[in-house]
Student: 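To start, I am sharing the structure in question, which I have written as structure tokens.
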Amino acid sequence: MRETSLPSSERLEAILLVGGQGTRLRPLTLTTPKPLLPTAGVPFLAHQLAKARAHGVSRVVFATSYRASMFTDAFGDGSAFGLEIEYMTEDTPLGTGGAIRNAADALTCSSDAPVLVLNGDILSGHDISAQVDLHLSRGAAVTLHLTEVEDPSRFGCVPTAPDGRVTAFLEKTPNPVTNRINAGCYVFQRSVIDSIPAGEVVSVERETFPGLIEAGELVLGYADASYWLDVGTPAAFVQGSCDLVQGRLRSPALPGVTGESLLLDGAKVSPEAKVTGGTVVGARATVKAGASVRGSVLADDAVIESGAVVVDSVVGAGARVSSGAVLREVVVGDGALIGPGNELTSGVRVWPGVTLPECSVRFSSDV
Ligand code: GDD
Ligand code: MG
């Protein structure tokens with residue numbers, strides 16, 4: 001992969017924002033922060049880190065808050081990932097801008113160097129090196145990766161002028177003026193990060209970016225149409241995992257070949273079961289004869305009994321789905337038990353350890 005046109009004396013440093021609580025992904029995030037959720041066989045962040053490294057990043061500062069020690073346990077000093085990793089933890093969350101400013105104390109680059117800043121819940125196929133090159137060649141203060149989505153009201157809406165200059169930053173506005181949104185990957189001049197007030201709660205989206213635009217600084221957009229996904233909801237999380245397994249987004253961190261399914265160590269799938277659509281079958285998880293699993297994530301030690309149907313769902317570690325149960329767009333927490341005959345659909349979330357007893361009610365008209 002092409003690296004940036006940075007002089008070789010400068011190594012590219014990155015700040016990874018991973019302090020959010022992942023509320024929309026509960027119950028999955030009750031015990032594991034969103035960026036550490038197993039995704040296509042590895043912690044989610046492993047995909048982002050492998051990509052950053054392939055684009056010349058050598059040192060990453062994690063901006064942590066929620067369950068900070070779990071990040072250290074998972075990534076250590078970074079050497080296993082070919083990176084140097086540092087951790088900067090906020091006692092209370094400082095917001096995205098405050099977190100970037102806090103993490104900057106651990107950067108080693110000079111004030112005129114570019115720094116890559118990444119939201120920790122994004123899968124993206126865009127060319128980071130091209131974004132950095134654009135930033136350097138235009139002498140921008142900040143360069144934002146932009147993408148287009150159908151519903152921009154859930155994101156930061158970012159209109160641009162024909163020369164790429166960002167003209168406004170409208171975070172989660174009910175009346176978006178364009179479908180072009182902030183894709184959560186920035187190149188900042190280090191000096192711009194240093195100008196964010198230290199030790200305060202600051203939103204980069206609601207304060208820093210609008211302030212820079214207002215002050216006439218050059219905030220640029222790097223727009224492209226490559227694969228892009230924010231995995232902040234259960235549906236998006238499942239989608240991202242399946243897309244990685246099926247090769248819609250190439251990741252250097254995928255622990256296997258792309259295809260209809262990814263079976264992790266010790267997974268057991270009966271030859272009479274159907275496992276398709278980019279499903280991950282976790283370590284030691286079991287799918288029994290006659291079961292059908294499509295487009296789903298089965299965590300380690302999960303069990304899908306004979307004849308159960310699981311579609312577009314997450315089944316937590318050690319959870320069990322009994323014979324004849326049907327799950328569509330459901331999240332089952334770790335260790336939960338879905339009794340025989342239950343039909344769960346559209347956004348149902350079963351909390352960890354809960355048991356749903358056998359459901360003997362028949363919904364068909366001939367009962
Ligand atoms: N350290 C730290 N401290 N990290 C934080 C904090 C904090 O106080 N608050 C949020 N984060 C991290 C989250 O962990 C996540 O990686 C990132 O900042 C963005 O937070 P989200 O909660 O995922 O925000 P969002 O998805 O609603 O919106 C953001 O991302 C969109 C793209 O997916 C915004 O940046 C939008 O403008 C953008 O369009
Ligand atoms: Mg997000």
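Whatever order the structure lists them in is the order used to number ligands and atoms, beginning at 1. These numbers were taken from a predicted model, which means no experiment stands behind them. Residue numbers count from 1 along this sequence.
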Student: Quick one about Gln131 and Asp127 (side-chain donor to acceptor, distance below 3.5 Å, no hydrogens or angles considered), yes or no?
Tutor: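 Result is no, nothing qualifies.
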Student: Out of Arg206, Glu205, Lys172, Met88, whose heavy atom is nearest to atom 25 (P) of ligand 1?
Tutor: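 Looking at heavy atoms only, Lys172 sits closest to atom 25 (P) of ligand 1.
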Student: Please report which non-hydrogen protein atom sits nearest to atom 21 (P) of ligand 1, along with the residue it belongs to and the distance in Å to one decimal place.
Tutor: Asp121 OD2, 4.3 Å
Student: Which residue owns the protein heavy atom closest to atom 11 (N) of ligand 1, what's the atom, and how far is it?
Tutor: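 Here the nearest protein heavy atom works out to Gly20 N, 3.7 Å.
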Student: Is at least one protein non-hydrogen atom found at under 4.0 angstrom from atom 35 (O) of ligand 1?
Tutor: yes
Student: Please walk me through it: do Arg284 and Asp265 pass side chain to side chain contact (heavy atoms under 4.5 Å, CB included)?
Tutor: CA-CA 6 Å; Arg284 302 167 304 279; Asp265 283 353; over 6 Å; no
Student: Which residue owns the protein heavy atom closest to atom 26 (O) of ligand 1, what's the atom, and how far is it?
Tutor: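 The protein heavy atom lying closest is Asp230 OD2, 2.9 Å.
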Student: Can you pull out the closest protein heavy atom to atom 1 (N) of ligand 1? Residue, atom name and distance to 0.1 Å, please.
Tutor: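 Looking at atom 1 (N) of ligand 1, the protein heavy atom closest to it is Glu90 OE2, 2.7 Å.
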Student: Going by the atom numbers of ligand 1, which of them fall below 4.0 Å from some non-hydrogen atom of Thr96?
Tutor: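 Answer for ligand 1: 10 (C), 18 (O).
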Student: Please state which part of Pro93 comes within less than 4.0 Å of ligand 1, counting heavy atoms only: side chain, backbone, both or neither.
Tutor: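 Pro93 to ligand 1: contacts from backbone and side chain alike.
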Student: Does Gly95 reach ligand 1, in the sense of a heavy atom lying below 4.0 Å from it?
Tutor: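 Distance cut 4.0 Å: Gly95 passes for ligand 1.
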Student: Any idea which atoms of ligand 1 are less than 4.0 Å away from a heavy-atom of Ala99?
Tutor: 1 (N), 2 (C), 3 (N)
Student: For ligand 1, is any non-hydrogen atom under 4.0 Å from Lys34's backbone (N, CA, C, O), its side chain (CB onward), both, or neither?
Tutor: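 Near ligand 1, Lys34 shows its side chain, while the N, CA, C and O stay back.
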Student: Any side-chain donor paired with an acceptor under 3.5 Å for Ser203 and Glu205?
Tutor: yes
Student: What I want to find out is whether Arg11 reaches Glu84 closely enough, with some N-O distance under 4.0 Å, to be called a salt bridge.
Tutor: yes
Student: Which ligand 1 atoms are under 4.0 Å away from a heavy-atom of Gly120?
Tutor: 16 (O)
Student: Using a 4.0 Å heavy-atom cut-off, which part of Trp228 comes near ligand 1: side chain, backbone, both, or neither?
Tutor: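 Contact part for Trp228 vs ligand 1: side chain (C-beta onward).
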Student: Would you say the side chain of Arg250 lies within less than 4.5 Å of the side chain of Leu254, judging by non-hydrogen atoms?
Tutor: no
Student: Check each atom of ligand 1 against the heavy atoms of Phe155 and keep those under 4.0 Å away; list them by number with element.
Tutor: 31 (C), 32 (C), 33 (O), 39 (O)
Student: Measuring from the Mg ion (ligand 2), name the closest N, O or S atom belonging to Asp121.
Tutor: OD2
Student: Among all protein heavy atoms in this structure, tell me which lies nearest to atom 39 (O) of ligand 1, with the distance rounded to 0.1 Å.
Tutor: Asn182 O, 2.7 Å
Student: Tell me whether the centres of the aromatic rings in Tyr186 and Phe209 are closer together than 6.0 Å.
Tutor: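 Between Phe209 and Tyr186, which both carry aromatic rings, the centre distance is below 6.0 Å.
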Student: Between Val311 and Leu327, is any pair of side-chain heavy atoms under 4.5 Å apart?
Tutor: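 A side-chain contact under 4.5 Å is absent here.
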Student: Just by distance, with hydrogens left out, do Thr173 and Asn175 show a side-chain donor and acceptor under 3.5 Å apart?
Tutor: no
Student: If I take atom CZ from residue Phe44 and atom CD1 from residue Ile122, how far apart are they, to the nearest 0.5 angstrom?
Tutor: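 So the CZ of Phe44 and the CD1 of Ile122 are separated by 7.0 Å.
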Student: Scan side-chain atoms only and decide if Thr108 and Glu13 contain a donor-acceptor pair under the 3.5 Å cut-off.
Tutor: yes
Student: Counting only nitrogen or oxygen atoms and a 3.5 angstrom limit, does Ala63 reach ligand 1?
Tutor: yes
Student: Number the atoms of ligand 1 from 1 as they appear, then name those within less than 4.0 Å of a heavy atom of Ile122, with their elements.
Tutor: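 Heavy-atom distances to Ile122 below 4.0 Å select 33 (O).
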Student: Should the ring pair Phe71 and Phe62 be called parallel, tilted or perpendicular, given that the plane angle runs from 0 to 90° and is split at 30 and 60?
Tutor: perpendicular
Student: Answer yes if the side chains of Gln189 and His135 hold a donor-acceptor pair under 3.5 Å, and no otherwise.
Tutor: yes
Student: Which heavy atom of the protein is the closest neighbour of atom 4 (N) of ligand 1, given with residue, atom name and distance?
Tutor: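 Result for atom 4 (N) of ligand 1: Gly19 N, 3.0 Å.
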Student: Nearest N/O/S atom of Asp230 with respect to the Mg ion (ligand 2), by atom name, please.
Tutor: OD2
Student: What part of Asn119 sits under 4.0 Å from ligand 1 if we count only heavy atoms: the side chain, the backbone, both or neither?
Tutor: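 Both of them.
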Student: Which residue holds the protein heavy atom closest to atom 15 (C) of ligand 1, what is that atom called, and what is the gap in Å?
Tutor: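 Of every protein heavy atom, Leu17 O, 3.8 Å lies nearest to atom 15 (C) of ligand 1.
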Student: If you measure only the distance, is there a donor-acceptor pair under 3.5 Å linking the side chains of Ser226 and His126?
Tutor: no
Student: So, regarding Glu171 and ligand 1 (criterion: nitrogen or oxygen to nitrogen or oxygen, under 3.5 Å), is there a contact or not?
Tutor: yes
Student: Per the side-chain contact (heavy atoms from CB on, under 4.5 Å) rule, which among Leu107, Ile100, Val61, Thr64 passes with Met88?
Tutor: Val61
Student: Below 4.0 angstrom from a heavy atom of Leu94, which ligand 1 atoms are there? Numbered from 1 as shown, please.
Tutor: 8 (O)
Student: Quick one: which of Leu264, Val297, Val287 gives a side-chain contact (heavy atoms from CB on, under 4.5 Å) with Val281?
Tutor: Val287
Student: Heavy-atom contacts with Val18 under 4.0 Å: which atoms of ligand 1 show up? List them by number with element.
Tutor: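 Selected atoms, number and element: 14 (O).
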Student: By number and element, which atoms of ligand 1 are closer than 4.0 Å to a non-hydrogen atom of Tyr186?
Tutor: 35 (O)
